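Bear in mind that the values here come from a model prediction, so they are computed numbers and not experimental data.
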Amino acid sequence: MPTSQPRTPRLPAEPSPTPTRDLAEEATGTGSLQPLFLLGLLLPAAAAIGYPMRHRIHAMAAASFVSPLPSPAESTIRFSYRPAIDPFAVPVLGLAGAGASATARVVTLSALEDLGGNTLVVIPRPDATALFGLAEDDLLDETGAGLFIPGNLDAALAFMETELAVRRSTGAAQTPRLLLVAECGVDSDRIEEIRGRHPEEFTALLLGDWPGDTASVDEEGLVRASPALAATLPERLPAVSRTEARDRLHAAVQRHRPSRPHLPRRSRRRRR
């Protein structure tokens, strides 16, 4: 009789995939890939933002320990005071250079326009013609208006010697202040002699070959002089033409000219 063998139980067959299941699995696979994709996009952007930020932090940290160096412009700044034009800042001043004549005009006008009531400018006729273009008969007698124009330098120096001697002998006040504007020529020694007898009693502005303190002025009005002399002068002086200087000279003299009282006319009687 044949032996019966035990039966192996059959496993149930896997169910066939349905459309709904397939869509769910695709959605699950796609959803797991999206975070990875987004992370891959964000990492380069974060690195790009963090790189300059990291360098900024390092730069700020280094700057806190290193003192900044001054720029070349800041290292050459000079703080100095250069005064305005003062005709009486230096007892005797020589002028040289292409801008010497213009400077003499400016200083003379400054004395007459700003200090005319307390100043007497003495300028020989040849220098008045060369600097201001005055004719031979212009301003012949204007001493009362702060200006005196003698015939030449010799007459100007003789006037100053007499005036200074009278002031000293009478004890009169040193007013009005005397300002000589002239080309020294060959009279440098004589001017120096008067200066020695009357120190600080007059001021001279001299053109030509003056052996003493001299300032050089170029065409642009820039002043070059020793440090002590430059401290009394502006860094740049304005230029004034002869025509403008002549007009201003006439206006200053007219303004400071003493007024004359108006006297009534006397009636004349006829003689019989």
Side-chain angles (χ1 to χ4, degrees), residues 85-95 100-170 172-210 212-215 240 242 245-246 248-258:
I85 300 173
D86 182 4
F88 301 96
V90 183
V92 180
L93 174 62
L95 292 175
S101 297
T103 301
R105 286 193 285 266
V106 169
V107 175
T108 302
L109 292 173
S110 178
L112 288 173
E113 293 175 342
D114 302 332
L115 307 169
N118 194 31
T119 301
L120 178 58
V121 177
V122 181
I123 175 171
R125 177 65 62 176
D127 297 296
T129 301
L131 295 176
F132 296 93
L134 297 183
E136 291 295 331
D137 56 348
D138 283 346
L139 305 176
L140 290 177
D141 187 13
E142 297 296 344
T143 306
L147 179 66
F148 177 49
I149 305 178
N152 50 41
L153 179 58
D154 181 70
L157 295 178
F159 167 80
M160 294 190 63
E161 286 179 312
T162 303
E163 178 67 20
L164 292 171
V166 170
R167 291 184 179 186
R168 176 172 293 185
S169 61
T170 59
Q174 300 297 322
T175 54
R177 291 185 289 182
L178 295 176
L179 174 63
L180 173 66
V181 181
E183 183 173 353
C184 58
V186 296
D187 290 318
S188 300
D189 294 338
R190 185 178 175 186
I191 297 173
E192 190 65 38
E193 181 183 352
I194 299 174
R195 179 188 177 189
R197 293 199 309 267
H198 302 277
E200 299 182 358
E201 296 181 23
F202 74 98
T203 300
L205 188 65
L206 303 175
L207 302 168
D209 298 329
W210 173 247
D213 293 336
T214 302
V240 180
R242 287 207 313 172
R246 182 182 66 246
R248 290 173 59 180
L249 183 69
H250 280 281
V253 169
Q254 183 67 29
R255 184 166 59 253
H256 297 293
R257 179 179 292 147

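- Taking the side chain as every heavy atom from C-beta outward, Thr119 and Pro87 never approach each other to under 4.5 Å.
- When all heavy atoms are compared, the tightest approach of Val181 to Ala104 is CG1-CB, 4.5 Å.
- Considering only heavy atoms from C-beta on, Val92 stays 4.5 Å or farther from Asp213 through its side chain.
- With contacts defined as side-chain heavy-atom distances shorter than 4.5 Å, the pair Leu207/Leu131 qualifies.
- Taken from CD1 in Ile191 to CG in Leu153, the straight-line distance is 5.5 Å, to the nearest 0.5 Å.
- Rounding to the nearest 0.5 Å places CZ of Arg105 at 11.5 Å from CG of Leu249.
- Within 6.0 Å of CG on Asp209 lie no more than 12 heavy atoms contributed by other residues, nucleotides or ligands.
- Contact annotation: the side chain of Leu93 approaches that of Leu95 to within less than 4.5 Å [non-hydrogen atoms, C-beta and beyond].
- Residues meeting the salt bridge (charged side-chain N to carboxylate O under 4.0 Å, His left out) test with Glu163, sequence neighbours left out: Arg167.
- Using a 4.5 Å heavy-atom threshold, the side chains of Leu134 and Arg246 count as touching.
- At a threshold of 4.5 Å between non-hydrogen side-chain atoms, the residues Thr103 and Leu205 do not count as touching.
- Across Gly151 and Pro126, no two heavy atoms sit closer than the pair O-CD, 3.3 Å.
- Annotation for Glu192 and Trp210: closest pair OE1-CH2, 3.3 Å, computed over non-hydrogen atoms.
- Distance check: Phe132 CZ to Leu147 CG gives 8.5 Å after rounding to the nearest 0.5 Å.
- For the atom pair CG (Leu206) and OG1 (Thr214), the distance works out to 8.5 Å, reported to the nearest 0.5 Å.
- Every residue two or more places apart in sequence or in another chain that forms a side-chain hydrogen bond (donor to acceptor under 3.5 Å, both in side chains) with Arg248 is listed here: Glu113.
- Between the side chain of Arg242 and the backbone N or O of Thr129, at least one donor-acceptor pair lies under 3.5 Å.
- The stretch residues 85-95 participates, sequence neighbours left out, in no salt bridge (Lys or Arg N to Asp or Glu O under 4.0 Å) pair at all.
- Looking at Arg177, its side chain never comes within 3.5 Å of a backbone N or O of Val121 through a donor-acceptor pair.
- Taking Val166 as the reference, Thr162, Thr170 meet the side-chain contact (heavy atoms from CB on, under 4.5 Å) condition, with sequence neighbours excluded.
- The CG atom of Leu120 sits 8.5 Å away from atom CE of Met160, with the distance rounded to the nearest 0.5 Å.
- Taking CZ from Phe148 and CG from Leu178, the interatomic distance works out to 11.0 Å, rounded to the nearest 0.5 Å.
- The list of side chain to side chain donor-acceptor pair (under 3.5 Å) pairs with a residue in residues 179-188, not counting sequence neighbours, is empty.
- Listed by first and then second residue, the salt bridge (Lys or Arg N to Asp or Glu O under 4.0 Å) pairs involving residues 149-162 are Asp154-Arg190, Glu161-Arg190, Glu161-Arg197 (not counting sequence neighbours).
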